[in-house]
Amino acid sequence: MKNLQLAATLAEIADLLEILDENPFRIRAYRRAARSIELLPESIETIWREGRLGEVEGVGKGIAAGVEEWLTTGAIAFHQELQERVPRGLLEIVRVPGVGPKTARLLYEELGVRSLDELEAACRAGRVRTVKGLGAKTEENILRGIERVRRHSERTPLGVALPAARSIVAELERLPAVRRAAYAGSARRGRETVGDLDIIVGSDDAPAVIQAFVGLPGVAQVLAQGREKASVVLSQGLQVDLLVVRDHQFAAALHHFTGSKEHNIAMRELAKSLGLRISEHGIMDEKTQAWLPVATEDDVFRAVGLPYIPPELREDGSELAAAKSSHLPRLVEMQDIRGDLHVHSTWSDGRHTILEMAEAARARGYEYIAIADHSRSLGVAGGLSPEELVAQIEEIRQLNRRWDDFRILAGAEVDILPDGTLDYDDELLSRLDVVVASVHSAMNQDRETMTQRIIAAMRNPYVDIIGHPTGRVLGWRDPYEVDVERLIAAAAETGTALEINASPERLDLKDVHARMAKDAGVWLAVNTDAHRMEGLEQMHYGVTTARRGWLEKGHVLNCLPLEELLRNLKRHRRREA
DNA sequence: GCCGTTTTCGGCCCGACTGTTTTCAGTCG
């Protein structure tokens, strides 16, 4: 999918224009278009081919021409012109916290600094303080900023950031001065990675809260400390921003800091058109200068005539249009989940027995769980031989006598072999209740081979679900080369479900692809792939990803009650057909 | 560069914090 590459190109045009001190609104236009294309639930190429570029938010005549040029030639001439006018290194320099486009340009013009290394040298030589408007303090900050960029350039996975956010909130809630505390920002929106954490506190004693916050265990550096805001860096490199407000401003502040930036801009534009002014302090009637009472986030939306928009949907501003026209989805929730269709046991590489996994699932209120251990070719993970699988099916049958309110489904996570065949024969697969098929080998195949390989697996009548369809591991392994759009089309055609693997290292399918799949009428299965009982708790990451994909419970296979689930698995629908 | 039942031209969100300044620009979210 080219959307992300194109979005990156447009965003870079915005960065370059900013360094060149161009019209800020033109810059914003490129940023908006980039963001909008990044979040598009459809391939930009398809949209272009069908002549629908004009329908994309933030894409007008000018940028549409650039998009077309990029799709046909692979580059945008205007972008290349800009690149020639701005040394490449300046793009790195504006990533340094505290150094923006103005300072980067100033440093380049005054000192000839054109890379991160040269900037560091200039700071160490004390040359930066010789520039008018910059001083010794700025020099120090830049050096610290450079260190941060080098040490921590990556965004933090949600699976790391969320526990940190919860722990900070818990620490703050212990303070007597704190009435309410919550995390906001991209962590609350459930983005798969977060740049930093945003924490909101309601309190009548902001100084006390700020003081305690900057002294929390794990704080390595204080970046800023004001009357109501503070920023720190944790020792693990994660930045945390705190905003302290009076308790009656809490909801407005929570909304503001939850963002996204684009969502806030769209909300404020709408408010302005209604004679209102929205800020993190609340909502003011411009005419009377009176503050509107805002007790909950619901009130913020109601003030501008909209229904509540869940945080996971607050991204590019297009959610406002959906809200206005009453097209917001009723998003799937944790309590809608009735089971987990992909977990492991001690039979392969899991830590707990089938019974332990089942009891843990039952304790969570689930109606069913599918044991999907690895197949034989995955030797490193203790894959089951056909004989072992038959024995496992028998054990599951025995175990199921224990309950009349819970069922273990006999399943497998069968390997899709490099040639697209499966690791068990059809006769064996037909004896299972549910089959997840996944790629675990030969991940470096070319795009066409990989795409055909997975589609071949979907054509098997006993493959109900494709597991972690793109194979990525966040921060460690890129997705393998595969045409996700064709996978989705084939899933729709064959009736195969696609997994949203809830493990926070995977989140695969990702939000945007899940939305595409939903739009194509494909079932999604939100599974934890748990290898131990505690792993079942990661379901919420998958549900959050599903919500970011605008999924309702009617799109999620494992929101079905047991009997309905069994009827809706591909194998059974086939049989009935 | 985008966009429009208040506009096809003239708008385009809002406020806090920092550092280097005698009143504010740049940066950030």
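Since the structure is predicted, the reported quantities are computational estimates derived from the model, not experimental observations. Residue numbers start from 1 in every chain, and the chains themselves are labelled A, B, ... in the order their sequence lines are given, proteins ahead of strands.
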* Asked: Do A:Ser503 and A:Glu505 have side-chain N/O donor and acceptor atoms under 3.5 Å apart?
  -> yes
* Indicate yes or no: at least one non-hydrogen side-chain atom of A:Glu319 is less than 4.5 angstrom from one of A:Glu312. => no
* Looking only at atom C1', what distance separates B:dC13 and B:dT20, rounded to whole Å? -> 27 Å
* Residue met sooner reading DNA chain B from 5', once A:Gly226 and A:Val59 are mapped to nucleotides -> A:Val59
* P-based separation of B:dT21 from B:dA16 [nearest Å] -> 24 Å
* Structure fact -> Between A:Ala230 and A:Asp198, the residue closer to the 5' end of DNA chain B by nearest nucleotide is A:Ala230
* Rounded P spacing from B:dG1 to B:dT5 in Å -> 23 Å
* Kindly point out which of B:dC12, B:dG19, B:dC17 is positioned nearest to the side chain of A:Asn141? => B:dG19
* Asked: If we take the C1' atom in both B:dT18 and B:dT23, what is their distance in whole Å?
  -> 15 Å
* Asked: Any cation-pi pair here, A:Arg314 with A:Tyr308, using under 6.0 Å and within 45°?
  -> yes
* To do: For DNA chain B, find the residues of residues 271-285 of chain A with a heavy-atom distance under 4.0 Å and give them by number; none if there aren't any.
  => A:Lys272, A:Arg277, A:Ile278, A:Ser279, A:Glu280, A:His281
* Candidates B:dC17, B:dC13, B:dG29 - which lies nearest the side chain of A:Glu228 -> B:dC17
* Looking across every strand, which nucleic acid part, if any, lies under 4.0 Å from A:Asn23 by heavy atom: base, sugar-phosphate, or nothing? -> base
* Asked: Roughly how far apart, to the nearest Å, are B:dC12 and B:dT7 at atom P?
  -> 16 Å
* To do: Using modelled atom types only, decide if a donor and an acceptor are shared between the side chain of A:Thr156 and the backbone of A:Ala161 within a distance under 3.5 Å.
  => no
* Given B:dG19, is OP1 or OP2 found less than 4.0 Å from the side-chain N or O atoms of A:Arg129? -> no
* Would you find a donor on one side and an acceptor on the other, under 3.5 Å apart, between the side chain of A:Arg547 and the backbone of A:Val332? -> yes
* To do: Quick one: label A:Tyr30 by what it contacts on the DNA or RNA (base, sugar-phosphate, nothing), any heavy atom closer than 4.0 Å.
  => sugar-phosphate
* Can you tell me, in whole Å, how much space there is between the P of B:dC2 and that of B:dT6? => 23 Å
* Determine whether the side chains of A:Ser186 and A:Arg191 contain a donor N or O and an acceptor N or O closer than 3.5 Å. => no
* For A:Asp316 and A:Ser36, indicate whether the former's side chain and the latter's backbone hold a donor-acceptor pair under 3.5 Å. => no
* At under 4.0 Å, does any side-chain N or O of A:Arg268 touch on OP1 or OP2 of B:dC13? -> no
* Residue A:Ile63, side-chain atoms from C-beta onward, closest of B:dC12, B:dC17, B:dC2 -> B:dC2
* With sugar-phosphate meaning primed atoms plus P, OP1 and OP2, does A:Leu243 contact a base, only sugar-phosphate, or nothing at under 4.0 Å between heavy atoms? -> nothing
* Enumerate the residues from residues 82-109 of chain A whose closest heavy atom to DNA chain B is under 4.0 Å, giving them by residue number; use none for an empty result. => A:Val96, A:Pro97, A:Gly98, A:Val99, A:Gly100, A:Pro101, A:Lys102, A:Thr103
* Structure fact -> Whole-Å distance, A:Asn264 CG to B:dG15 P, equals 13 Å
* Should the pair A:Arg85-A:Glu81 be classified as a salt bridge under the 4.0 Å nitrogen-to-oxygen rule? -> no
* Asked: CZ of A:Phe78 versus C1' of B:dG1: gap in Å, rounded?
  -> 10 Å
* Name the closest nucleotide to the A:Gln239 side chain, picking from B:dC12, B:dG19, B:dG29. => B:dG29
* Please check the phosphate of B:dT20 (OP1 and OP2 only) for any side-chain N or O of A:Thr138 closer than 4.0 Å. => yes
